[in-house]
Each structure stands twice: as C-alpha cells, then as structure tokens.
Amino acid sequence: MSERPVRVRFAPSPTGPLHIGGVRTALYNYLFARKNGGKMILRIEDTDSGRFVPGAEAYIIEALTWLGIEFDEGIANGAATCRQSERKPIYKKYVDQLLNDGKAYIAFDTPAELEAKRQEIANFQYDARTRGSMVNSLTLPTEEVKARIERGDNYVVRVRIEPGQDIVVNDMIRGKVVINSNILDDKVLYKSADQLPTYHLANIVDDHLMEISHVIRGEEWLPSAPLHVLLYQYLGWADTMPEFAHLPLLLKPEGNGKLSKRDGDRLGFPVFPLDWIDPKTGEKSSGYREAGYFPEAVVNFLALLGWHAGGDNEFFSMQELIEEFSLDRVSKSGAKFDYEKGKWFNHQYLMNKSAETLYPFVQEILLQHKVDAPKDKVLAAIELTKGRCTFIADFWEHIHYFFVAPTEYDEKTRQKRWKENSSEEMRALYKVLEGIEDFSIENSENIVMQWITDNGLHTGNIMNAFRLCIVGEGKGPHMFDITSLIGKEETLRRLDKAIAVLSA
RNA sequence: GGCGCAUUCGUCUAGGGGUCUAGGACGCCGCCCUCUCACGGCGGAAACCCGGGUUCGAAUCCCGGAUGCGCUACCA
C-alpha cells in the first residue's frame with residue numbers, strides 16, 4: 001500500500017442520464033474519499049463524439065448534488081471543468097510517445113474492412129497473430145505510411161500487445177486476477193478522424209496526470225483492466241499505478257442481466273435519480289426525486305446494495321456511511337435491485353421526519369387542492385397520518401378528510417359498517433356530541449364511551465358507522481383525534497349530512 | 001465460441017474451519033394492540049448450487065462441474 005494521498009474520480013460518459021448503478025459507483029467513490037481524507041474528482045469522459053448527448057453533463061451534476069455527493073475538483077459553478085474532449089493535445093503527446101517507443105502502431109484498416117474480416121474469419125481479433133496481414137505501419141513501408149497520413153487517410157493508433165505474458169491485476173475486492181496477454185487484442189487508443197483518444201488511453205493518461213490513487217469502477221471494466229495495467233507499464237508509470245477496485249453490478253430485479261435504462265419504465269419504477277427527457281426522442285424516463293424519494297433514503301438504500309457494515313443496523317446517514325465505509329466490506333457478486341425495499345426505506349425516513357419538516361411539502365399539496373388551513377391544524381394532521389405514507393405524494397390520500405368533508409361514502413365500507421339501526425344510533429350520537437362543551441380528544445371520548453356503555457351499545461358498530469360519516473371510508477386515526485381536530489361544528493355538519501345520504 | 005468474475009432464504013445480506021439445529025432486513029403469512037386503516041410488538045414459512053478432496057471437523061480452504069453475469073467495437 002502506498003502512502004500517497006487518496007484521490008479518486010468519478011468519470012461518467014455524457015451519453016444520457018446517469019443511471020442508478022452509476023450513482024452507486026459515484027457514492028462509493030465519494031464515501032471512500034471522505035473516509036480516507038482524500039479528494040473526489042469529477043471527470044467527463046466525452047471521447048466518443050458520436051454518442052454525446054446535450055444536457056447529460058448538467059444532469060449528472062444536478063443528480064449527484066441532489067444526493068449530497070460532492071466533488072472537490074473538476075466542477076466549478078455547476079459545470080464540469082475537466083472534459084476529455086478539451087484535452088486533445090495532452091493525449092496526442094502520449095500517443096506519440098507510445099508510437100516512438102514502438103509500443104503502438106498506426107493502422108489504416110477501415111471499420112468496413114474490419115467488419116468484413118470478422119465475417120470472414122470466426123473470432124477474428126486484431127492482435128499479434130493477425131496484425132502482420134493487416135494494413136498498418138508494421139506491414140507498410142515507412143514512405144507509404146507517411147504518404148497516407150499526408151493524403152489525409154483516416155487511421156487509428158493501436159496498442160502493440162506482446163503475446164505470451166501473464167498480466168496481473170490486483171483488485172481490492174477480488175484479489176489477484178491473472179490474464180494472459182494472448183487473449184488481449186491490439187485495442188485502438190486513438191482515432192485520427194476526431195483526434196480523440198479512446199477510453200482506454202484517455203483514462204490512463206488522466207488518472208496518471210490527476211494522481212488518482214484508487215480506481216473504483218464497475219465490474220464491466222475488469223476484463224480491460226489488464227490492458228490498463230499494460231499501458232501504465234508502456235508509459236513508464238507502473239510505480240504510481242492506482243489501486244483497482246471493481247464493484248459488483250446492479251442487476252435487474254427479475255430475470256437476468258444488468259440493470260438497464262429500459263427496465264425502469266418496463267417495471268414501473270425509476271432507475272434514474274432525476275426525471276430525464278431524451279432530447280432526440282422526447283421520451284421521458286422517471287427519476288427518484290420526482291417519484292417522491294428523499295435523497296437520504298436513496299443514498300441509504302443504494303449504499304446497502306453491495307456493501308454491508310457488518311452489524312444489524314440498516315440505517316445510515318451520509319456521515320455514518322462515511323465513517324463506516326470500507327472497500328473490503330463490498331460484496332463480490334451482483335445485487336438484484338429490490339424496489340420494494342427502496343420504498344420501505346423511504347417510508348422509514350418519512351415517518352422519522354417531524355411534522356414541521358414535512359409541513360412545506362404537505363402545504364404545497366394542500367394548496368394544489370385549494371385547501372387553505374391553519375398551520376397548527378396541518379401539523380397535527382401530519383403527525384396523525386405520516387405513518388401511513390410512503391411518499392410525500394401519499395399525504396393527500398390520507399389527510400384530505402381533515403380539511404374537506406366527504407362528498408361520497410365508500411360503498412364497501414358502507415355495506416360492511418352501516419347497519420340497519422345505524423341511522424338511529426348516529427342520530428342519538430349527534431345529540432350526545434351536540435351537548436359536549438369541551439370537544440377535546442379526551443373529554444369527548446369519555447363522554448361518548450360512557451354513553452355507549454350506559455345504553456348497552458356496541459362500540460365497534462357505533463365507531464365504525466361514525467367513521468364512515470366523518471371520513472367517508474373505513475380508515476384513519478382514532479375518531480376523536482379526527483373530530484377534535486376538525487371541531488364540533490364540522491363534526492355535527494358531517495354527521496347530519498351523512499345520516500341523510502346513508503339512510504336514503 | 002473465447003476469456004474473466006461470481007454462486008448462503010424469493011430479494012439484500014451476516015458468516016472468514018468447531019460458538020451454524022446458519023443470524024438480520026425487505027416481502028409474505030399468523031397472532032397481539034385496536035373503533036377502522038396504519039404504526040408498533042410477538043411469532044412463522046423460507047437458504048449454504050452439485051460432486052470430489054484437505055481436515056478429527058467445512059457454509060467457511062482446494063479442485064472439477066453446473067449455472068448466472070460481464071467483456072470480447074475506430075462505446076464507455
């Protein structure tokens with residue numbers, strides 16, 4: 001283990017909205033950096049000009065900001081300051097170095113020609129066995145190569161892999177992974193067409209220049225890690241090569257495969273942090289924020305998909321995650337995405353919030369429904385109902401009857417709770433309630449219960465019918481919590497109306 | 001096909017040779033609380049992929065198989 005300062009990066013490609021697996025990668029990088037007193041860097045890997053999607057970069061930054069994942073470098077005024085597309089001369093320099101050192105060569109084979117080769121030869125691979133029969137600087141005379149370049153022919157630079165050597169990747173999560181160079185191909189490092197490096201080269205150069213100490217990324221990169229190790233050696237940077245940690249993948253909740261962008265709308269839950277509208281197709285993908293999730297619930301849930309603190313506790317704030325996080329407690333195998341558990345987390349976070357904290361959100365919902373109620377009444381209603389809500393948006397369903405009298409009565413509840421003598425009993429209850437001066441929870445409950453006892457009535461029958469009259473359906477907090485909040489006048493009004501409607 | 005990684009309840013996982021008749025959580029089921037719905041409490045069903053080996057002893061170590069996933073682009 002080196003003693004150098006911890007510096008990690010999150011390096012997304014701006015090809016669309018950041019999906020939840022990417023968010024988790026960013027989160028683990030962030031936790032690792034904070035835990036070890038290191039720096040977190042954002043780098044935009046936009047070396048594929050063809051797949052660039054406008055707005056994607058801003059989306060990534062907004063999403064991570066929402067979740068509380070902060071960057072120490074690479075971001076200023078809300079925009080990324082490190083984009084690979086803006087570093088062309090830097091990569092060119094190292095491409096030339098590799099070329100001069102004979103670690104790479106120029107190839108003129110066109111994509112169409114390569115495609116033809118693949119059709120022609122099964123398992124065709126551009127490598128030590130085949131490069132001698134291809135069109136490149138190894139097979140062409142020097143003048144010809146020069147002439148072609150001057151003529152403006154497009155070419156690529158390929159890494160020259162020497163066969164027959166074992167390449168060792170030390171992975172912090174998986175241990176030692178050995179791969180023989182025979183199976184590696186001469187990957188393209190640079191394209192003359194857009195003068196941009198490919199991922200592999202840009203990645204190594206930037207990680208080196210930015211003094212990245214740990215590369216924490218998805219497992220899909222493990223197969224190319226040997227190439228990266230080789231590039232560090234070719235460039236002469238082997239001694240400062242970062243440590244690698246390849247994270248297990250996030251899998252589809254059902255069936256097989258990696259969680260993908262399409263799964264969200266197919267399965268009916270978000271796989272993106274924020275809503276996203278595709279600029280080309282106009283297609284909308286839903287996000288956690290708009291679905292009503294709290295960022296801290298998403299972070300908590302995501303952190304536990306592939307990592308475990310060891311004890312029985314499952315609730316962690318960002319600060320606690322930072323304190324507890326460790327790469328050697330990251331799982332090796334992929335985790336299926338369990339949306340139900342995500343909802344449960346949100347429910348827990350919502351229940352644990354104070355009515356005061358929830359107030360602005362609920363107030364907005366009430367306003368949308370044209371309800372203007374005093375704050376203390378809203379706070380009380382929130383306190384009584386928050387245990388029933390998973391999302392903020394659920395509040396209206398559970399809170400509306402505190403502010404709006406029922407206009408209709410749930411048919412099922414009516415059949416079950418409205419008995420033959422209910423009208424009569426409710427009329428009697430009306431009289432009792434009318435006579436109560438102090439309409440507080442305790443007092444009204446005492447009086448009504450005493451009345452029930454004295455007259456040999458059935459508590460369940462009375463209360464359930466009463467609930468149907470006041471709420472309109474068979475749910476909600478205890479009746480006197482509701483009636484004392486809506487007040488005597490409103491209680492009597494609702495009761496009167498309900499008796500008329502339900503007796504008809 | 002080739003190469004790599006992985007494999008404990010349906011799902012997320014604890015477990016790093018004996019304390020495992022395998023623990024927790026989500027979901028599911030039952031009971032309690034109760035005027036209903038929730039919340040909460042209690043309880044239940046539910047797993048070490050298979051086969052060899054190492055060992056006095058294996059969920060834990062090794063090998064093989066099976067299965068899953070990933071990669072195999074002038075994409076990241």
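Just so you know, these numbers use all the heavy atoms, side chains as well, and skip hydrogens, waters and symmetry mates. Reminder, nothing fancy here: chain letters follow the sequence lines and each chain counts from 1.
- A heavy-atom distance below 4.5 Å is found between the side chains of A/Leu429 and A/Trp451.
- A/Glu411 CD: more than 12 foreign heavy atoms inside a 6.0 Å radius.
- OP1 and OP2 of B/C75 both lie 4.0 Å or more from every side-chain N or O belonging to A/Thr198.
- Rounded to whole Å, the P atom of B/U11 lies 33 Å from the corresponding atom of B/U54.
- Not one side-chain nitrogen or oxygen of A/Arg417 sits closer than 4.0 Å to the OP1 or OP2 atom of B/U36.
- If you check B/C31 for Watson-Crick or wobble pairing at under 3.5 angstrom, you find it paired to B/G41.
- Contact of A/Arg467 with B/C35 (side chain to base): a donor-acceptor pair of N or O atoms is detected under 3.5 Å.
- In this structure, A/Phe466 places its CZ atom 10 Å from C1' of B/C35, rounding to the nearest Å.
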*Any chance you could lay out the side-chain hydrogen bond (donor to acceptor under 3.5 Å, both in side chains) test for A/Asn136 and A/Tyr155, step after step, and finish with the verdict?*
CA-CA 9 Å; A/Asn136 54 49; A/Tyr155 64 90; over 6 Å; no

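- One finds a side-chain N or O of A/Arg118 lying less than 4.0 angstrom from the OP1 or OP2 phosphate oxygen of B/C74.
- In a base pair of the Watson-Crick type (N1 to N3 plus N6-O4 or O6-N4) or a G-U wobble (N1-O2 and O6-N3), with each distance short of 3.5 Å, B/U67 is matched with B/A6.
- Judged by atom type and distance alone, A/Lys341 reaches the base of B/A25 through a side-chain donor-acceptor pair under 3.5 Å.
- The partner of B/C56, taking Watson-Crick or G-U wobble pairs whose two distances both stay under 3.5 Å, is B/G18.
- Nucleotide B/G1 has B/U72 as its partner under the Watson-Crick or G-U criteria, with both atom distances under 3.5 Å.
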